[in-house]
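What follows is a single structure, written as structure tokens, with notes after it.
Letters go in sequence order (proteins before strands), and every chain restarts at 1.
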Amino acid sequence: MNPELMGFHLSAHAIMMVILGGMGNFAGAIIGAFSFEYLLHLFKDLPAIGNFNTGKHWQMWMGLFIVALVIFAPKGILGLLARAFAKKEANNE
Amino acid sequence: MDFINFLIQLLNSVQYGLLLFMLAAGLTLIFGIMGVVNLAHGSFYMLGAYLAWSLAGLLGSFTLAIVVGTALSVAFGLLLEKVLFRHFYHRDHLDQVLLTFGLIYVSTSTACGPWALAPSATSWRLSPWLAPWLGWPAFCGPRRPAS
């Protein structure tokens, strides 16, 4: 237990969760929190390839993921879902 | 505290103040004129410093290292502008903040990872008396012994 627990990274992670889920939406925050924590564990548990431990460098993958997210899905997971459903409905009609 | 210590502290604070001013001036110029919030500004600064540092050992000339390091940093900045920042000019400031925040993660991980430029005292030819103070970056923690 130390002050670091409430440091800059926690605020940054909280913002990341909301962005990942979808901004301006209560459900987006919940979905974002779950998926963000899952992703974090996924990145931290990556296997070591030879001498290079990929799990130890989770910040690298998280950084690249954030960049990709902002470029390809600026409205988050809910935005992606909404777009997918809109396309499906357009196809049905 | 004696006078010598006071002078050393004074010089330290002046150089740190100058460093912070340079960073802040760059950040606010880019934000004010270009309208881009670049949280990863410090990462570019770090890249330039690292490049100049390793080039000083490689080329054996401090002046040449500064010139070449600056050129390489500018080239990297232009590349990132072409690949990433160009598509964010018309977007919200928050999107730009997020993008550069991701870049911070990448650059931090790169600086502390296996690609880190390990300093070696022998590579610093300009001033060997400076070498003991140019240790491993403190924020990376103690270096793991090579296994």
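Remark: B:Leu98 CG to A:Ile71 CD1 distance equals 11.5 Å, nearest 0.5 Å. A:Ile19 CD1 to B:Leu94 CG: the interatomic distance, rounded to the nearest 0.5 Å, is 4.5 Å.
Clustering ILVMFWY residues whenever any of their side-chain heavy atoms sit less than 4.5 angstrom apart, transitively, puts B:Leu20 in a cluster other than the one holding B:Tyr45. Linking Ile, Leu, Val, Met, Phe, Trp and Tyr whenever their side-chain heavy atoms come within less than 4.5 Å puts B:Leu19 and B:Met22 in one cluster. When the side chains of ILVMFWY residues are joined at heavy-atom separations under 4.5 Å, either directly or via intervening members, B:Leu47 and B:Leu23 end up in two distinct hydrophobic clusters. Hydrophobic clustering keeps A:Leu80 apart from A:Phe26 (ILVMFWY residues linked when any side-chain heavy atoms are closer than 4.5 Å, directly or through intermediates). The same ILVMFWY cluster, assembled from side-chain heavy atoms under 4.5 Å apart, contains both B:Val37 and B:Ile104.
The interface of residues 74-89 of chain B with chain A, defined by heavy-atom distances below 4.5 Å, comprises B:Leu84, B:Phe88.
Between A:Met16 and B:Phe101, the shortest heavy-atom contact is CG-CE2, 4.4 Å.
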